[in-house]
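Notes for the one structure printed next.
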Amino acid sequence: MTAPVLVTGAAGKTGLAVTRALAARGVEVRALIRREGQLEELERAGATEILVADLADPGALETSFQGAAAVYYVCPNLRPNETQLGRLAIETAEAAGVNRFVYHSVLHPQAEKMPHHWQKLRVEEALLESDLSWTILQPTAYMQNLLAGWSEIVDRGVYRIPYPASSRISLVALEDVAAVAARVLSEPGHERAIYELVGSAPLSQDEVAERLGEALGRAIRAVEVPAVETRLALEERGLGRYEVNALMAMFDYYRQHGLAGSPGVLTWLLERAPATLAEFVQGQTRDEPS
Ligand SMILES: NC(=O)c1ccc[n+]([C@@H]2O[C@H](COP(=O)([O-])OP(=O)(O)OC[C@H]3O[C@@H](n4cnc5c(N)ncnc54)[C@H](OP(=O)(O)O)[C@@H]3O)[C@@H](O)[C@H]2O)c1
């Protein structure tokens, strides 16, 4: 058995996609999860080893990192201590002799007005200052985020967003991000590289609605949800203060600046065009139970 790649946050949206992509390439995956209840899903995704550990626990982290060939570091979404968690993972990798470290960052971590982007920039900085052989991936917003409101889109033709329909955002299919993650972990030549992973030109939310409508064969309307209503809904979902504030800051940033990137780097890495929104929709309708 070859040394495994350790994937953190493995039971999350990103971690599962990366685990599947690595397993599909025949790479041994050591999945780090938080709860026993997530074991079966990781087995189905193709993980060969599954460890339960808290990313904030230095001892548990040290044990999990031992003997790994590389770490794919995914930080849990919207953590107030994201910078500290990232630094701990970097220090642990150095101490455990795991030389290769691929960091799942975000597009435009330089945007200080979005706290979770800014925290990722600090983690990137810690990586630059480390002795590790690093690669940084900077994905834009996933197309998969649309699934949170999928039934409303499909059944009622309403695409609800917490920023104006004119806000222009570049999207990416999570499977394309995972394919690149697996590639940079499986071959040499990506050390010290920072890759922006963007699947589409910046699209207004009206354009997103139009493309969803074309793919689904029905009219879809983008509808802005007022900020007060959005904040209340996030609080009712039980999100903590940092999470709510970070999300509201992100929506405000999108309102003012959008999140616009170029698909050039991703196209080069995939050696094909990135998945389109139409292909994403086809994937969802294919996966629906008949
Ligand atoms: N969504 C996007 O469009 C997007 C775009 C670019 C970058 N990103 C970044 O991608 C990262 C992952 O996002 P995601 O949506 O995949 O997150 P996610 O679905 O929330 O997954 C995070 C996973 O980490 C686990 N976890 C939480 N706290 C932990 C801890 N203390 N120790 C160990 N595991 C813990 C969670 O377990 P539980 O199930 O127990 O909570 C969950 O399985 C985030 O940093 C996000 O900023 C996201």
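First listed ligand is number 1; within each ligand, the first listed atom is number 1. Computation of the quantities below employed the complete heavy-atom set of this structure, encompassing side-chain atoms and omitting hydrogens, waters and symmetry-equivalent molecules.
Taking the charged nitrogens against the carboxylate oxygens, R160 and E229 do have a contact shorter than 4.0 Å, which makes a salt bridge.
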**OP:** Could you walk me through whether H117 and Y253 pass the side-chain hydrogen bond (donor to acceptor under 3.5 Å, both in side chains) test, one step at a time?
**Re:** CA-CA 11 Å; H117 283 232; Y253 189 92; over 6 Å; no
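Within 4.0 Å of ligand 1, the residues that place a heavy atom are G9, A11, G12, K13, T14, R34, R35, Q38, A53, D54, L55, V74, C75, P76, N77, R79, H104, S105, V106, K120, P139, T140, A141, Y142, N145, listed by chain and number.
Using modelled atom types, one finds no donor on one side chain facing an acceptor on the other under 3.5 Å when comparing E28 with T2. A donor and an acceptor atom, one from each side chain of T83 and Q119, are located under 3.5 Å apart. Side chains of Q205 and Y159: a donor on one and an acceptor on the other come within 3.5 Å.
You'll find the side chain of E40 stays beyond 4.5 Å of the side chain of I50, heavy atoms only.
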